[in-house]
Amino acid sequence: MRRSLHSGENEGGSRGRHSSPILSAADKHRLAILRRALLQFFEEHHRSYPWRRTKNWFHLLMAEMMLRRTRADQVLPVYKEFTDRYRTAADALADGATVREMLRPLGLGWRNEAIFDTLAYLRDNMAVRRLPPEADMIAIPGVGEYSNGMLRSILFADRVAAIDTNVVRILCRFDGLPEKGEMRRSPLIKERAAYLVDTEHPAQVNLSLIDFGALVCTARSPDCEHCPVRRPCRYS
DNA sequence: GTCCCGAAAC
DNA sequence: GTTTCAGGAC
């Protein structure tokens, strides 16, 4: 069945002569506590957005692109208008000038150009309404590791992590890791995120991290007072 | 690693 | 004025 999954990852396979960063039993125990708290938090305080409810992969993909380095509340009206008007990439491209105007309030002009590249690719290579379950979405221009993880976990319940700045911040704080450089591709972060999503509900785990980072473990002044994992957390 | 370089929040 | 925001391409 699933053929091309796990193309390069190392799921606990040490392959290294010296100490490759494998999670210890203690690490996993701590992460299990974090995961349980995240799912509980998500159940009680999750944010509600239309792209959280849709099963339209095209709309979901457009949401991920609009949300790139842009606040969710800022995306909301644009997403509504876009999805209300267009159901396929061809539809949107046929009305390009209007789309460009709709995206303008989001800022980041270079990102909007990337969206048009994605739309063109979808129109030319994925004219089929249904997204093949086996398709590797990272082949789509504009879809990187993060979006691929979020899309696959939501659409197919695949246990793929979606590591964004929130995930990096939360995991670094929780385990006392230094936030230096591009932590997105750090094996320490990847292994921890992979362990967190290895559950029956990977999408909920991915989304809970986003909401937890937006509402509690914020970048500026985290609300450690009301944090459910304040005790095991190593952030001071 | 580096660049992309915009609106909103602080 | 500075930081932050559901990152991705090179």
Side-chain angles (χ1 to χ4, degrees), chain A residues 8 38 41-42 45-54 56-83 99-122 136-155 158 160-173 178-190 193 196-197 201-223:
Chain A
L38 284 169
F41 173 85
F42 189 69
H45 305 292
H46 70 88
R47 297 181 297 174
S48 181
Y49 293 109
W51 52 84
R52 295 272 182 91
R53 295 186 288 273
T54 186
N56 184 319
W57 68 265
F58 171 61
H59 288 171
L60 194 53
L61 173 52
M62 286 301 106
E64 294 303 335
M65 297 217 63
M66 293 179 191
L67 287 163
R68 173 141 66 105
R69 299 189 76 192
T70 306
R71 284 180 166 77
D73 290 330
Q74 190 181 353
V75 169
L76 185 53
V78 178
Y79 174 86
K80 280 183 179 173
E81 191 178 359
F82 183 93
T83 55
V99 172
R100 202 173 293 277
E101 198 59 31
M102 286 174 49
L103 296 175
R104 191 176 303 282
L106 296 178
L108 296 177
W110 51 271
R111 182 266 305 276
N112 293 347
E113 294 310 311
I115 289 181
F116 275 91
D117 290 344
T118 303
L119 289 172
Y121 180 90
L122 295 179
D136 198 9
M137 301 204 223
I138 210 164
I140 301 172
V143 176
E145 283 193 42
Y146 163 79
S147 295
N148 179 61
M150 194 58 88
L151 289 166
R152 296 201 69 87
S153 66
I154 291 176
L155 293 173
D158 286 338
V160 186
I163 302 174
D164 77 324
T165 56
N166 291 290
V167 178
V168 169
R169 184 173 63 251
I170 293 168
L171 290 178
C172 282
R173 285 175 174 173
E179 282 190 69
K180 56 174 184 178
E182 286 297 318
M183 285 291 112
R184 284 182 290 177
R185 279 171 277 172
S186 166
L188 281 73
I189 296 299
K190 281 191 173 184
L196 284 179
V197 296
H201 308 289
Q204 282 89 328
V205 173
N206 282 331
L207 290 171
S208 71
L209 283 161
I210 301 294
D211 282 358
F212 190 71
L215 299 174
V216 179
C217 198
T218 56
R220 297 203 182 209
S221 51
D223 190 10

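Each chain gets a letter, A, B and so on, in the order its sequence line appears, and its residues count up from 1.
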Visitor: More 5' along DNA chain B: A:Trp110 or A:Glu182, using each one's nearest nucleotide?
Guide: A:Glu182
Visitor: Aromatic rings A:His45 and A:Phe41: how do their planes relate, parallel, tilted or perpendicular, breaks at 30° and 60°?
Guide: tilted
Visitor: Base, sugar-phosphate or nothing for A:Arg104? Non-hydrogen atoms, less than 4.0 Å.
Guide: nothing
Visitor: Looking at A:Glu145, I want to see if its CD is surrounded by more than 12 non-hydrogen atoms of other residues, nucleotides or ligands under 6.0 Å.
Guide: no
Visitor: Chain A on DNA chain B: first and last contacting nucleotide, 5' to 3', under 4.0 Å to a heavy atom?
Guide: B:dG1 to B:dC10
Visitor: Taking for each residue the nucleotide of DNA chain C bearing the nearest heavy atom, is the 5' side occupied by A:Ile210 or by A:Pro141?
Guide: A:Ile210
Visitor: What does A:Arg184 touch in the nucleic acid at a heavy-atom separation under 4.0 angstrom: a base, only the sugar-phosphate, or nothing?
Guide: base
Visitor: Should the ring pair A:His59 and A:Phe82 be called parallel, tilted or perpendicular, given that the plane angle runs from 0 to 90° and is split at 30 and 60?
Guide: perpendicular
Visitor: Throw together a table of side-chain donor-acceptor distances under 3.5 angstrom for residues 62-70 of chain A, partners on residues two or more places apart or in other chains.
Guide:
{"from": "A:Thr70", "atom 1": "OG1", "to": "A:Arg68", "atom 2": "O", "distance (Å)": "3.0"}
{"from": "A:Thr70", "atom 1": "OG1", "to": "A:Arg111", "atom 2": "NH1", "distance (Å)": "3.2"}
{"from": "A:Thr70", "atom 1": "OG1", "to": "A:Arg111", "atom 2": "NH2", "distance (Å)": "3.1"}

Visitor: Using a 6.0 Å distance limit plus a 45 degree cone around the ring axis, check whether A:Arg184 lies over the aromatic ring of A:Tyr146.
Guide: no
Visitor: Would you classify A:Thr165 as touching base, sugar-phosphate or nothing, given that sugar-phosphate means primed atoms plus P, OP1 and OP2, and contacts are heavy atoms under 4.0 Å?
Guide: sugar-phosphate
Visitor: Would you find a donor on one side and an acceptor on the other, under 3.5 Å apart, between the side chain of A:Asp211 and the backbone of A:His46?
Guide: no
Visitor: DNA chain B: A:Leu108 or A:Lys180, which has the more 5' nearest nucleotide?
Guide: A:Lys180
Visitor: Ignoring hydrogens and geometry beyond distance, is a side-chain donor-acceptor pair present between A:Arg169 and A:Thr218 at under 3.5 Å?
Guide: no
Visitor: For A:Gln74, report the nucleic acid contact type (base, sugar-phosphate, nothing); a contact means any heavy atom under 4.0 Å.
Guide: sugar-phosphate
Visitor: Can you tell me, in whole Å, how much space there is between the C1' of C:dA6 and that of B:dG1?
Guide: 23 Å
Visitor: Assuming nearest nucleotide by heavy-atom distance, tell me which of A:Thr218 and A:Glu145 is located more 5' along DNA chain C.
Guide: A:Thr218
Visitor: Please check if any side-chain donor atom of A:Asn206 sits under 3.5 Å from a side-chain acceptor atom of A:Ser153, or the reverse.
Guide: yes
Visitor: Reading DNA chain C from 5' to 3', where do the contacts with chain A start and stop? Cut-off is 4.0 Å to heavy atoms.
Guide: C:dT3 to C:dA9
Visitor: Would you check if the side chain of A:Ser186 reaches a backbone N or O of A:Glu182 as a donor-acceptor pair within less than 3.5 Å?
Guide: no
